[in-house]
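Sequence positions, counted from 1, serve as the residue numbers for this chain.
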Amino acid sequence: MQPASRDSDLRAMTQVCMCFHVHQPIRLSRFSYFKIGSQGDSASLDAQYFDEGMNKHYFNKAADQCYIPTNKILQNLLDSSAGKFRFSLSITGTLLEQAKKYRPEVIDSFKALCSTGYVDVLDETYYHSLSSLYADASEFKEQVMQHNAIIRDLLGVSPQSFRNTEAIYSNKIAHAVEAMGYKAIITEGVDHILGWRSPNYVYKPAGCKSIRLLMRNYKLSDDVGFRFSAKSWKEWPLTADKYASWLSATPGQVINLFMDYETFGEHHWKDTGILDFLNALPSQCLAHDNLQFSTVTQAASEFSPADQVNVPYEISWADAERNTSTWLGNRIQRACFSELESLLVQVRMANDSAILDTYRKLQTSDHLMYLSTKGMSDREVHNYFSPYKDSGPYDNFISFMNIISDFKEKVRAKITLQEKEQQPKGAQSPLAESGEDFAKQELQTPKQVQFA
């Protein structure tokens with residue numbers, strides 16, 4: 001989407017860049033060890049591994065409390081602002097897939113927002129996965145291209161900027177995203193990365209040529225995303241005029257307010273006043289002469305980089321550490337991640353679209369977050385998002401690893417069947433020749449992992 005024309009004095013103003021992340025995982029069923037190796041073909045894997053009832057329940061809840069009412073508010077604001085209000089969205093493929101299945105009107109309402117020309121949709125991984133951390137970069141690229149296709153198909157726009165899963169970012173990821181042709185990438189404004197610098201500027205990723213980096217102002221973002229309904233907060237209640245005054249007093253080129261879309265009506269319920277706050281915010285901001293709204297792509301194109309930012313290791317917007325420990329912080333999480341990554345070659349050998357889709361749904365980062373053993377405030381956040389209120393991380397690990405083990409058997413069975421079909425009559429496949437040994441070593445039981 002090409003940025004709409006703006007006043008010539010844009011660079012003299014501070015841009016308010018709001019980017020809302022919209023995601024629902026496809027949640028796993030509880031899967032017993034005794035189900036491993038059960039009958040079923042690749043077409044039935046989703047029914048075996050994913051909890052249809054749970055997914056429908058959570059999606060409808062989010063649609064009723066957040067997606068439908070919030071989209072209605074934003075549509076009215078866009079229609080009445082004559083282009084002065086605009087924002088960015090990042091919407092996962094797993095959310096759109098469920099919306100198409102359970103609530104098609106949700107897709108229609110997002111498409112209507114995009115049709116105004118004032119909504120910038122970002123690309124990401126279709127499955128909200130950690131594929132950007134795989135040694136084989138092709139899986140990451142394929143998932144991004146799959147996301148790009150569904151955005152163009154369902155929403156009618158072609159993304160030009162990028163948000164990785166959970167804003168995971170490094171120099172390496174920035175290089176890969178630039179190679180795919182994106183103009184901008186967003187991540188967390190991590191203090192120890194920025195040092196003396198402010199997140200309120202456009203930056204250049206280290207070693208890149210043209211892509212721009214926008215970094216989240218986590219304090220101002222979390223004032224809305226986390227603290228809005230906290231009555232113990234010294235700034236409660238947060239009103240739109242108060243918040244707009246904070247933004248007006250904030251120096252810099254662009255204030256990046258990145259937050260979960262479910263902030264509006266789901267994390268903070270309607271009776272907290274969050275929807276009224278959102279409805280009033282644009283007019284309160286525009287009442288200040290030094291504020292204008294912008295999108296990620298637009299902000300990245302309007303300013304030259306203020307500096308180069310070097311991020312040699314992965315950062316994210318999650319938890320206190322702002323790294324990948326939310327998903328890979330203990331041994332059971334790393335065990336599941338490694339098992340999934342190691343299956344990539346075999347899944348491709350299977351050459352089955354249903355197996356590939358199931359494999360990628362298993363990569364969704366939420367499944368690993370539910371295995372986190374962190375304490376303190378991080379644990380409270382993880383427990384809030386987990387649908388498994390009656391079980392802990394170790395029970396979740398056992399069930400997830402059982403699914404991975406069963407899936408591994410299904411993949412190997414598919415490969416064996418294909419090789420038999422391709423062999424001349426009477427010949428024996430290499431897998432069949434070593435079948436007993438392979439099964440004992442790789443398929444018969446899940447790998448034993450020491451708990452962290």
Side-chain angles (χ1 to χ4, degrees), residues 16 18-25 27 53-81 85 87-91 95 98-99 102-103 105-110 112-113 119 216-247 257-287 293 317-318 366 377-390:
V16 179
M18 303 184 76
C19 183
F20 306 121
H21 177 56
V22 199
H23 170 59
Q24 286 290 324
R27 299 165 183 84
M54 182 187 295
N55 288 315
K56 185 176 182 180
H57 165 75
Y58 278 106
F59 192 89
N60 282 329
K61 180 172 176 283
D64 290 335
Q65 295 184 178
C66 173
Y67 306 146
I68 297 299
T70 304
N71 283 3
K72 184 177 180 179
I73 289 171
L74 291 176
Q75 186 71 56
N76 290 336
L77 290 170
L78 291 169
D79 291 343
S80 62
S81 69
F85 176 59
F87 57 88
S88 297
L89 287 172
S90 64
I91 312 176
L95 180 134
Q98 292 180 84
Y102 304 132
R103 300 289 291 272
E105 68 269 28
V106 170
I107 294 178
D108 293 338
S109 64
F110 277 119
L113 293 175
V119 177
R216 176 176 178 259
N217 186 313
Y218 68 81
K219 182 185 182 300
L220 287 169
S221 297
D222 290 349
D223 284 342
V224 178
F226 287 100
R227 290 182 282 273
F228 181 85
S229 59
K231 294 184 179 181
S232 60
W233 182 33
K234 66 178 182 179
E235 298 294 349
W236 184 89
L238 180 61
T239 60
D241 60 332
K242 181 196 291 186
Y243 191 68
S245 70
W246 294 352
L247 298 180
L257 305 175
F258 307 155
M259 62 194 75
D260 285 339
Y261 202 50
E262 290 80 6
T263 294
F264 305 101
E266 175 75 2
H267 302 338
H268 304 293
W269 291 2
K270 181 181 178 180
D271 61 11
T272 66
I274 189 69
L275 297 181
D276 294 332
F277 171 86
L278 177 63
N279 190 46
L281 185 60
S283 62
Q284 291 297 326
C285 287
L286 294 171
F293 285 94
W317 76 346
D366 303 63
S377 59
D378 290 340
R379 186 171 193 171
E380 292 179 10
V381 173
H382 300 166
N383 289 340
Y384 171 82
F385 283 105
S386 176
Y388 310 110
K389 305 301 183 185
D390 59 345

For the pair Thr272 and Phe277, evaluate side chain to side chain contact (heavy atoms under 4.5 Å, CB included) and give the outcome as yes or no after the intermediate values.
CA-CA 9 Å; Thr272 66; Phe277 171 86; over 6 Å; no
Once you round to the nearest 0.5 Å, how far does [atom1] of [X] lie from [atom2] of [Y]?
{"X": "Leu278", "Y": "Leu77", "atom1": "CG", "atom2": "CG", "answer": "6.5 Å"}
{"X": "Ser81", "Y": "Asp79", "atom1": "OG", "atom2": "CG", "answer": "8.0 Å"}
{"X": "Phe228", "Y": "Asp222", "atom1": "CZ", "atom2": "CG", "answer": "14.5 Å"}
{"X": "Met18", "Y": "Leu89", "atom1": "CE", "atom2": "CG", "answer": "10.5 Å"}
{"X": "Ser245", "Y": "Asp241", "atom1": "OG", "atom2": "CG", "answer": "7.0 Å"}
{"X": "Met54", "Y": "His57", "atom1": "CE", "atom2": "NE2", "answer": "9.0 Å"}

Can any side-chain N or O of [X] pair as donor or acceptor with the backbone N or O of [Y] at less than 3.5 Å?
{"X": "Ser221", "Y": "Phe258", "value": "yes"}
{"X": "Asp366", "Y": "Pro25", "value": "no"}
{"X": "Glu262", "Y": "His267", "value": "no"}
{"X": "Gln98", "Y": "Gln24", "value": "yes"}
{"X": "Glu266", "Y": "Tyr67", "value": "no"}
{"X": "Asn60", "Y": "Lys56", "value": "yes"}

So Asp64 and Lys270, salt bridge (charged side-chain N to carboxylate O under 4.0 Å, His left out) or not? Walk me through it.
CA-CA 11 Å; Asp64 290 335; Lys270 181 181 178 180; over 6 Å; no
If the plane angle is over 60° it's perpendicular, under 30° parallel, otherwise tilted; pick one for His21 and Trp317.
perpendicular
Can you classify the ring geometry of Phe20 versus Phe264 as parallel (below 30°), tilted (30 to 60°) or perpendicular (above 60°)?
perpendicular
For the residue pair [X] and [Y], establish whether any side-chain heavy-atom pair is separated by less than 4.5 Å.
{"X": "Trp246", "Y": "Glu235", "value": "yes"}
{"X": "Thr263", "Y": "Phe226", "value": "no"}
{"X": "Leu257", "Y": "Val224", "value": "no"}
{"X": "Phe59", "Y": "Leu95", "value": "yes"}
{"X": "Met259", "Y": "Tyr218", "value": "no"}
{"X": "Leu275", "Y": "His268", "value": "no"}

NZ (Lys242) with more than 12 external heavy atoms under 6.0 Å
yes
With distance as the sole criterion, is a donor-acceptor pair present between the side chains of Tyr261 and Asn71 under 3.5 Å?
yes
Pair Phe87, Val16 - check side chain to side chain contact (heavy atoms under 4.5 Å, CB included), show working.
CA-CA 9 Å; Phe87 57 88; Val16 179; over 6 Å; no
Kindly indicate, with the supporting measurements, whether the criterion side chain to side chain contact (heavy atoms under 4.5 Å, CB included) is fulfilled by Leu220 and Leu247.
CA-CA 8 Å; Leu220 287 169; Leu247 298 180; 3.9 Å; yes
Could you please spell out the steps behind the side chain to side chain contact (heavy atoms under 4.5 Å, CB included) verdict for Ile274 and Trp269?
CA-CA 7 Å; Ile274 189 69; Trp269 291 2; over 6 Å; no
Could you pull out the closest heavy-atom pair between Ala63 and Pro69, with the gap in Å?
O-CD, 3.6 Å
